[in-house]
Amino acid sequence: MSRGPGQGGNPTDGHGHLQLTTLPGWRGFVTEIPALPQLLPEAVWSGLADDKRACYDDDRIDHHSRLLVVQTPTIRQVITSGRSLIQMNKNAHYGRCGLMVSGPARTGKTTALTQLGKTVEVIHRRRHPNSSSDIPVIYITVPPAATPKMIAMEFARFFDLPISTRSNITDIADAVCGVSTDAHVTLVAVDELHNLNTATRAGAEASDTLKYFSERIPATFVYAGISLERTGLLSGPRGEQIAGRFGMVRTGPFGQDQQWTALIAALEDSLRLHRHRPGALIRLDRYLHQRTHGMIGSLLWLIRGAAINAVLDGTEKITKKSLDADFTSQSPRPPAA
C-alpha cells in the first residue's frame with residue numbers, strides 16, 4: 001500500500017538518503033550532518049587492532065566519498081537570488097518570476113540547486129519549528145524524453161502520492177497542487193531541464209505542464225540544466241515567455257586564479273590522510289586545472305577517488321603519481337561559450 005506524504009521509510013536506510021527526488025530522501029539530505037572523522041595520533045593509529053583499523057578506515061573512506069561542499073561564488077549567487085525571488089513572489093497572485101541555472105556539465109549546477117533548496121528548508125524549519133507537516137521544498141528531475149504525464153508523476157513521486165494507473169494527468173496535477181498548497185511549498189527545484197525537447201510535441205506539452213504547475217503552485221520555480229540557451233527551451237513563443245520571467249545564472253569552468261587555488265585549499269584541508277603533506281595539492285594547482293579543465297565536478301571526483309585509494313592502498317597521501325593513475329575523472333574540454 002502506498003504511504004501518504006512524509007510517511008516514507010527511514011531515509012538513512014540503505015541508499016535512501018541519495019534519493020533526493022523523494023520526500024524522505026530529501027529530508028534526510030537536509031538534516032544530514034556527517035561527523036567529521038579525526039585523525040588518530042600516530043602511535044594510536046599504528047597500534048590499532050585489525051577490526052578497529054577497518055572501522056576507522058571505513059569512516060574515513062565514507063568521509064572522502066562525500067567530501068565537503070565548497071561555497072563557490074555560483075552557489076552563493078544562486079542562494080541569494082533564489083531567496084530574494086521567494087520574498088518577491090510571496091504575495092504575488094500571478095506572474096511569479098523564477099531562476100535558471102545553466103552551464104556545461106560538471107560545473108556545479110545540481111550542487112547549487114540543492115544547496116539553495118537545503119538553505120530554504122533549514123531557514124523555514126528554524127522560523128516555524130512547530131510546522132513539521134510543512135514541505136517547503138520540492139526537488140524533481142526531468143526524465144529523458146519527458147511527456148506531460150511523466151512530469152506530473154515526478155511531482156507525485158516526490159510526495160509518495162497513491163496514484164492509480166488509471167489516473168489521468170488532470171487527476172495527478174490536481175492531487176499534486178492540492179498537497180503543495182496545503183504543505184506550504186515555497187520552492188520547486190527542477191533539475192535536468194535539458195531533457196525537455198521542445199522541438200517535439202510531447203516535449204512542448206511537457207514544458208506547458210511545468211508552466212501550468214508554476215501557475216497553480218504558489219511557489220518560486222528554479223530550473224537547472226545543461227546549456228539551456230542551446231536547447232530551444234527559450235526560443236519561440238513559449239521560450240520568450242519563459243525567458244521573460246526567469247533570470248539566468250550561468251555556471252562555467254574555473255579559471256586558473258585565486259578562486260581555483262582557494263577551492264583546492266579547502267578540499268585539501270578536508271582530507272583525513274596520515275601521510276599527506278599540507279600544501280601538496282595546492283602546488284599541483286596548474287596540473288589539476290589542466291587535468292579537469294577547471295570543472296569543479298571533475299575536480300571533486302578526482303580528489304575523492306584519490307583520497308579513497310590512498311586509504312585502501314595504505315599510502316595515506318595524494319601525489320601527482322597517484323592522480324595520474326586515475327583515468328576515470330578525465331574531463332572533456334568544455335564547449336566554447
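Since this is a predicted model, take the numbers as computed values, not measurements.
Closest of all the heavy-atom pairs between Ile217 and Arg96 is O-NH2, 3.3 Å. Of all the heavy atoms in Cys97 and Thr220, the pair that sits closest is O-CG2, 3.9 Å. Taking every heavy atom of both residues into account, Ala306 and Leu323 meet most closely at CB-CD2, 3.7 Å.
Identified under the side-chain hydrogen bond (donor to acceptor under 3.5 Å, both in side chains) test for residues 259-270, with sequence neighbours left out: Glu268-His276.
Side chains of Thr292 and Ser298: a donor-acceptor N/O pair is absent below 3.5 angstrom, by distance only. For the residue pair Lys90 / Gln87, a side-chain donor-acceptor distance below 3.5 Å is found, with atom types taken as modelled. If you check the side chains of Arg250 and Ser102, you find no donor sitting under 3.5 Å from an acceptor. Side-chain contact of His124 with Asp134: a donor-acceptor pair under 3.5 Å is present, judged by distance alone.
A 4.5 Å side-chain heavy-atom check between Ile135 and Trp26 finds every atom pair outside the cut-off. In this structure, the side chains of Leu23 and Asp160 stay at 4.5 Å or more apart for every pair of heavy atoms. In this structure the side chain of Thr315 never reaches within 4.5 angstrom of the side chain of Arg275, judged on heavy atoms. You'll find the side chain of Leu193 reaches within 4.5 Å of the side chain of Val190, heavy atoms only. Using a 4.5 Å heavy-atom threshold, the side chains of Met295 and Pro104 count as touching. Within the 4.5 Å cutoff, the side chain of Val101 has no heavy atoms near those of the Tyr223 side chain.
When the salt bridge (charged side-chain N to carboxylate O under 4.0 Å, His left out) test is applied to Asp182, no partner is found at least two apart in sequence or on another chain. Among residues two or more places apart in sequence or in another chain, the ring pair (Phe, Tyr, Trp, His ring centres under 6.0 Å) test is passed with His274 by Trp45, Tyr56. Not counting sequence neighbours, the partners of Asp57 by the salt bridge (charged side-chain N to carboxylate O under 4.0 Å, His left out) test are Arg60. For Glu192, there are no salt bridge (charged side-chain N to carboxylate O under 4.0 Å, His left out) partners two or more places apart in sequence or in a different chain. Partners of Arg157 under the salt bridge (charged side-chain N to carboxylate O under 4.0 Å, His left out) rule, at least two apart in sequence or in another chain, do not exist in this structure.
A centroid separation of 6.0 Å or more is found between the aromatic rings of Tyr139 and Phe158.
A salt bridge does not link Glu32 to Arg27: none of the charged nitrogens lies less than 4.0 Å from a carboxylate oxygen. Using a 4.0 Å cut-off between a side-chain N of Lys or Arg and a carboxylate O of Asp or Glu, Lys109 and Asp191 do not qualify as a salt bridge.
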